[in-house]
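One structure is given below, encoded as structure tokens.
All of these numbers come straight from a predicted model, not from anything done at the bench. All residue numbers refer to positions in the sequence shown, counting from 1.
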Amino acid sequence: MESHVAETRTVEIPPVITVAELAELIGASPIEVIKELMKQGVFATINQAIDCEVAARVGPRFGVSIKPRRAEAAPSALLVTDYASFKRMLAEEDPAKLKLRPPVVTVMGHVDHGKTTLLDRVRRTRVAEQEAGGITQHIGAYQAEVNGQKITFIDTPGHEAFTAMRARGAQVTDIVVLVVAADDGVMPQTVEAVNHARAAGVPIVVAINKVDKPDANVERVKQQVAELGLIPEEWGGDTITVPISARTGEGIDLLLENILILAEILELKANPDRPAVGTIIEARLDKNRGPVATVLVQNGTLRVGDIFVAGETWGKVKAMVDDRGRRVKEAGPSTPVEVLGFEDVPVVGDILQVLEDEDQAQRIAEERREARRVEREAVAARAITLETVARQARAGKPAELLVILKADVQGSVEAIRTALERLNEKYETRIRVIHAASGTITESDVLLAAASGAIIIGFNTRLEPGARALAEAEGVEIRQYDIIYHLLEDVEKALAGLREPTYREVIYGRAEVRQVFQIGRTGQQVAGCYVLDGKIIRGQRVRILRDGKAIFDGRVTSLRRFKEDVREVAAGFECGVGIEGFGDFRPGDILEVYGQEAVA
């Protein structure tokens, strides 16, 4: 095959590149590149991204040798993208430069066992007392001081945040404190917390809380945690157990001292004399200050003026605030600080790394964004949906539809499962229910669906926080129904190859009931609400959540601001809400307004 030029030249490109960009770099027209790609069996449009390996096969046709352009990290440091490369970086450090750092602790346990009370007690006695007026700044983490030594506490809401960071490869915790109530014992979330800590390979300290209660039974709790494999030290095991009362303060000092002893055994070290590497543990968009994130520095020292890359964004440290609300110029290993200066809001679990120059940071962030976009396209292409099943059915290809089924009650689960399996008798496409249970749709369900190539069908149930985002990231289809007939009709249409465009549930807004009013002679109830996010819209469907469970589903029939009837009320405002067929509002109820929208 003749080439356009006699002599081969080398062109370096990023890991992913659009066809138009590739054509410009190699000096060819986009049409010629597209034609060559088609010969290679790759059908791409001018704005579609291809990876470096595909581009390299095109190069020889145009007398070009294409090689990947590698982003260079700061001198004497590799580019840290995940926890594995972070460990490699630490292993390559000069042992003479490593110094002891404070331990990083996460408190976990069953709901109502006293996690928040314990953190508040430590914060009040070990942090706030050092400040005039006791003012502290909530930045998602804080440091307590014990006998001149520091302990960093990650103040995040339980397992979801811990799991989210672990799912992204982030490893920020050195020690987990497992809180178990002495009057309640081991509960389902206690077991879950133990499993999370073990999966992360993190040592566990058991804090037996509420020992001040009359029905407290410390020995029973020790027996129960021993059955989980956490054998107390006094029974010949290696698990530290400390009886405490977060309410009275009893045993708190002993717990903190034991954490420091364990940290000493672990020999936690870092090199403070190098550019910083850390993990994003909280992030948000502040309307006054722009993108803001809490960074836990894990190695090196972060300073004002440092240029950094964090996941798919980058920036320059404009200011840093510590957990006591003070402006600081630098933050060493195990120190949490709120950082201003991000170009965009980073993702929790992203690794922040200081680099030498702005161009390098910007280029790396752009390459990561493009790589992520290509990955999302690939996920969407391989996602299993009712539409893909319909296409296979239309093409005459027998297929297998794997289903994860979640419903409100076990009776519904069995009824729907039986109805779905009956469809196997009618169509060549086979339906196989690989998991069926009552309850909400969880992240575990999404991960199982992603691993097995299944779709998730929910009936009269809802999604747990994080499940929707994880499903979109993993390319898992979640379909929710409240009428069995519609559910079976959709599946049957897909099997017959007749599937119409799909619809998905959209949450328009959430409001919290603050007060309840009786109006008119009939005593009809109206909820005085504060809109938490999104907007409340008159005429839309609404579900009422109490203690996290849906207790009613209806329609917003009246919506008022002061004495005026309005169509919608946005976040941050108060309103009066009336719901068709419901008259048992209670303060603290959450109103979740939702609807359906077509998915292309």
Open item on the list: One pair to check against side chain to side chain contact (heavy atoms under 4.5 Å, CB included): V295 and I281. What are the steps and the verdict?
Closed with: CA-CA 6 Å; V295 178; I281 59 173; over 6 Å; no
TODO: Decide yes or no on side chain to side chain contact (heavy atoms under 4.5 Å, CB included) for D553 and R541, but give the supporting numbers first.
DONE: CA-CA 7 Å; D553 193 297; R541 301 288 304 179; 2.6 Å; yes
Open item on the list: The test is side chain to side chain contact (heavy atoms under 4.5 Å, CB included); show your working for L423 and E492 and say whether it passes.
Closed with: CA-CA 7 Å; L423 294 175; E492 191 165 3; 4.0 Å; yes
- [ ] Show your reasoning for whether side chain to side chain contact (heavy atoms under 4.5 Å, CB included) applies to E568 and R561.
- [x] CA-CA 9 Å; E568 58 185 48; R561 278 275 296 149; over 6 Å; no
- [ ] Kindly determine whether R514 and E512 satisfy salt bridge (charged side-chain N to carboxylate O under 4.0 Å, His left out), including the steps that lead there.
- [x] CA-CA 6 Å; R514 298 281 173 89; E512 182 184 10; 3.3 Å; yes
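A heavy-atom distance below 4.5 Å is not found between the side chains of Q540 and Y594. Using a 4.5 Å heavy-atom cutoff, the side chains of I404 and I434 are in contact. Using a 4.5 Å heavy-atom threshold, the side chains of D584 and R546 count as touching. A heavy-atom distance below 4.5 Å is not found between the side chains of L118 and N209. Side-chain contact between I483 and L487: absent, with no pair of heavy atoms (C-beta onward) separated by less than 4.5 Å. Between V476 and I455, the closest side-chain pair of non-hydrogen atoms is not below 4.5 Å. R468 is listed as a side-chain neighbour of E505, based on a closest heavy-atom distance under 4.5 Å. Between I478 and V446, some side-chain heavy-atom pair lies under the 4.5 Å cut-off.
Under the 4.0 Å criterion applied to side-chain N and carboxylate O atoms, E312 and R369 are not assigned as salt-bridge partners. Using a cutoff of 4.0 Å between basic side-chain nitrogens and carboxylate oxygens, D350 and R368 are not scored as salt-bridged. Ionic pairing of E358 and R363 is not present here: no N-O contact between side-chain nitrogen and carboxylate oxygen is shorter than 4.0 angstrom. A salt bridge links E421 to R417: one of the charged nitrogens lies within less than 4.0 Å of a carboxylate oxygen.
Taking the ring centre of Y142 as origin, the terminal cationic atom of R324 falls outside the region bounded by 6.0 Å and 45° from the ring axis.
Checked by atom type and distance alone, the side chain of D322 pairs as donor or acceptor with a backbone atom of R326 at under 3.5 Å. Checking side-chain atoms of D184 against main-chain N and O of A181 turns up no donor-acceptor pair under 3.5 Å. The backbone N or O of A246 sits nowhere less than 3.5 Å from a side-chain atom of T117 that would complete a donor-acceptor pair. Checking side-chain atoms of Q480 against main-chain N and O of T461 turns up a donor-acceptor pair under 3.5 Å. A donor-acceptor contact shorter than 3.5 Å is absent between the side chain of K318 and the backbone of L340. Between the side chain of S558 and the backbone N or O of V577, no donor-acceptor pair lies under 3.5 Å. Formation of a donor-acceptor pair under 3.5 Å by the T440 side chain with backbone atoms of L463 is not found in this model.
In this pair, F552 and F582 present their aromatic rings tilted. The plane angle is within the 30 to 60° band.
Separation of atoms CD1 (I431) and CG (L420) is listed at 5.0 Å; rounding is to 0.5 Å. If you take OG1 on T294 and CD1 on I280, they are separated by 8.5 Å, rounding to the nearest 0.5 Å. Atom CZ in R555 sits 7.5 Å away from atom CD in E580 (nearest 0.5 Å). I536 contributes atom CD1, which lies 6.5 Å from atom CG of L591 (distance to the nearest 0.5 angstrom). Between the CZ atom in R510 and the CG atom in L545 there is a gap of 7.5 Å [rounded to 0.5 Å]. Note: I537 CD1 to R567 CZ = 6.0 Å, rounded to the nearest 0.5 Å.
Between Y481 and F459, a ring centre-to-centre spacing not shorter than 6.0 Å is recorded. Ring centers of F585 and F517: at least 6.0 Å apart, outside the cut-off.
Surrounding CG of D565 are more than 12 heavy atoms belonging to other residues, nucleotides or ligands, all under 6.0 Å away.
Nearest heavy atom pair, residue A283 against residue V345, reads CB-CG1, 3.8 Å. Closest approach of C575 and L559 over heavy atoms only: SG-CD1, 4.0 Å. Closest approach of T173 to V202, counting heavy atoms only: O-CG2, 3.7 Å. For the residue pair E414 and T418, the shortest heavy atom distance occurs at O-OG1, 2.8 Å. Between F342 and P291, the closest heavy-atom pair is O-CG, 3.5 Å. A pairwise comparison of heavy atoms in V337 and A331 identifies CG1-CB, 3.7 Å as the closest pair.
Under the 3.5 Å distance criterion, with hydrogens and angles disregarded, a donor-acceptor pair is assigned to the side chains of D445 and T442. Side chain to side chain, D533 and Y508 fail the donor-acceptor criterion of an N or O pair below 3.5 Å. Side-chain contact, T279 with Q298: a donor N or O sits under 3.5 Å from an acceptor N or O.
Of the candidates T313, I351, L352, V309, P346 forms a side chain to side chain contact (heavy atoms under 4.5 Å, CB included) with just one, namely T313.
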